[in-house]
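Here the structure comes first, spelled out in structure tokens, and everything after it is commentary.
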Amino acid sequence: MPSRPAYVVPDPAQAELTRRELLQAGWKVGGGLLALAAGWTTIEALRPLAATGGGATLTLAPPDAYADGAASYVREGRLWITRRGATLHALAQKCPHLGCAVPFCEASGRFECPCHGSIYDVEGTWIAGPAPRGMDRHPLQVVDGRVVVNTAILEEGAPLGTPSRAPGRDGRCAPAAEG
Amino acid sequence: MTPRPTLRDRWRATALHRSIVRTPPLDSPRGRALHAFGNVFLHLYPVRVPRALLALRSTWRLGFVSTVLFAILAITGIYLMFFYTPAVTFAYGDMQALRTQVGFGQLIRNVHRWAGHLMVIAVVLHLVRVFVDGAYKAPRQFNWVIGVLLLLVTLAWSFTGYLLPWDQLAYWAVTVGSDLLHYVPVVGGTLRDFLLGGTAIGQAALRRFYVIHVAVLTLAFLVLMAVHIWRVRKDGLAVGDPPVAHDPAAPARETALAFADAVAEVAEAAPAAASRGGARVLGHVPRDEAPLARPRDPDDEVFTWPHLIVRHQVVALATCALVLAMGVAFEAPLRELANPSVTPEPAKAPWYFVGLQELLAHFDPLVAGVLIPTALVGALVMLPYVDRNPSRRPRDRRVALTVFWLLFGALVALTVVGAFFRGPGWAFVPPWVQLYFEP
């Protein structure tokens, strides 16, 4: 029988990295890279588009069109334009509590959330209910005699405890909340 | 004189029939065992089950009912997919067309909706039953965790499906439900925007919810359910276990020791084979036996076919009859077209989240919306690893049972108050004055 060259088993103590260790580490690194690629692809693909969040600059009516203590709804911006004294506000309709659309109650002269009973005055300052802050607002300017609102920017509402400067009226729209 | 062979006998003698059903006739124990063993569908069951399992009160068949409801939901869901477009301009019209144009369209939608609600109830009751019986204890700890994941998938399924009709009920319940996410510290707002595909619910959210509802969760559920049932089959049913395990770790340790012995034995007999990666060593572990399966007394066991199978058939038929009757009797609600400018009063989350909404009226959103739900799910997952009491007897588990019933009672109470006792502005309105609840 022809003799075959003997297979020399490498001494694991001498080798810094055996073939088996290299392969074992290799497939773990490969798997990790694949997971990274899959995660990155998924996050990039599912990243929300900025355009879906509004962002248009809205040119509205002249400032005189908004009466003191009243609120008018701007459907395309999902916001309210309100006035107290000489100051105009652009308040986002979305309740800072859980995102319900907050309607303006003519009877009380305040914003009353139908979901959990949060109440805000005509300037969006928090008065009652479980909301964490006042209503969020967009920057509002008067340009060429017209109200201009930039809906791309949303500023957080006034913190809890900010005193309300706008007195309400006696009526109520929703019954008082328990919580 | 031998009786003439019937048509059925002749069919069974054909090569075609014998190529399809390859096991002996079912009138012998051998035939029954081989039938259960060789049939891919019956293979979900063990060949023999504990005799105690035949009593309805042993499990109330709640896991099986959940599976049947899943099948009903899959079938009715496929029907609905033929008539539904996940686009904000079409979705609501498609729901109306189901009612007015598609034959039995509204019935299919009703059955789908009621089966979905019933599945949430069945899965929760299954969890309660398994807890009360202590069936999550060793060696079944991890299967309890799989079960908790299946509950979460079921809730996510119901929640994503809630948006699809695109009416006021759907739009605002999902707005309130998904806005909870933004109270998660640091990443919450980003999480919500990823789920919705934007900062508010719109076309992107509808498409995402649709794909998650029909594809992602279905795949996740099928994989989890396969593992769940496989493990029940391998571990045996807890119903047949003794009430107190002497040492839950003992069987595992014995198996591990036996395995180590086998490895050593093979390594001694054939060093070359052992050094080649141990493939032959693994051959010494019996392939079809669960490492933790205990020997049972054969007298306490019965064949799955027909004893358990016929009972399951009755339960499956009863479940189908119930959802069909509900579908005939009660209409699935459809309010006005979704209007992002007007929130209806009151805006309630789907009923299984209404307890959370009730909690939100009393506590800080971070506590009620994030910390408490996370703690509850975490406690459920950790339960079998924290509760190491080997006994399944109620008198040995007073603390565990008391804590469980208190928490479960609180959850039910919050849900009932939120669902039936809340009106516009979340004010307290008893249902006998005015009922503000839509399922």
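Proteins come first, then strands; the chains are lettered A, B, ... in the order of their sequence lines, and each starts at number 1.
When heavy atoms are compared at a cutoff of 4.5 Å, B/Leu360 approaches chain A by way of both its backbone and its side chain. In this structure, the portions of A/Ile43 lying under 4.5 Å from any heavy atom of chain B include both its backbone and its side chain.
Note that CG of B/Leu195 is 10.0 Å distant from CG of A/Leu46, once rounded to the nearest 0.5 Å.
Residues meeting the disulfide (SG to SG under 2.5 Å) test with A/Cys95, sequence neighbours left out: none.
Other residues, nucleotides and ligands contribute at most 12 non-hydrogen atoms within 6.0 Å of the CZ atom of A/Arg165. Residue A/Gln141 qualifies as open at atom CD: its count of foreign heavy atoms under 6.0 Å is 12 or below. Within 6.0 Å of CZ in B/Phe437 there are more than 12 heavy atoms belonging to other residues, nucleotides or ligands.
Nearest heavy atoms, A/Pro96 versus B/Tyr183: O-OH, 3.2 Å. Here the closest heavy-atom approach between residue B/Arg208 and residue A/Arg47 is recorded as NH2-O, 4.2 Å. The shortest non-hydrogen separation linking A/Ala101 to B/Pro340 is CB-O, 4.1 Å. Closest approach of A/Pro114 to B/Thr343, counting heavy atoms only: CG-CB, 3.7 Å.
Chain B forms more heavy-atom pairs under 4.5 Å with one residue of A/Gly99, A/Pro103, A/Ala131 than with any other, namely A/Gly99. Listed options B/Gln357, B/Glu358, B/Gln203 were ranked by heavy-atom pairs under 4.5 angstrom with chain A; first place goes to B/Gln357. Across B/Gly177, B/Gly202, B/Ser341, the residue that shares the most heavy-atom pairs under 4.5 angstrom with chain A is B/Ser341.
Among the residues in residues 165-173 of chain B, those with a non-hydrogen atom closer than 4.5 angstrom to a non-hydrogen atom of chain A are B/Tyr171, B/Trp172.
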Please evaluate residues B/Val176 and A/Cys100 with respect to the criterion side-chain contact (heavy atoms from CB on, under 4.5 Å), reporting the C-alpha separation (whole Å), side-chain torsions for both, the decisive distance (0.1 Å), and the verdict. CA-CA 7 Å; B/Val176 170; A/Cys100 294; 3.6 Å; yes
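For the pair B/Asp179/A/Lys94, a side-chain contact is recorded, criterion being any heavy-atom separation below 4.5 Å from C-beta on.
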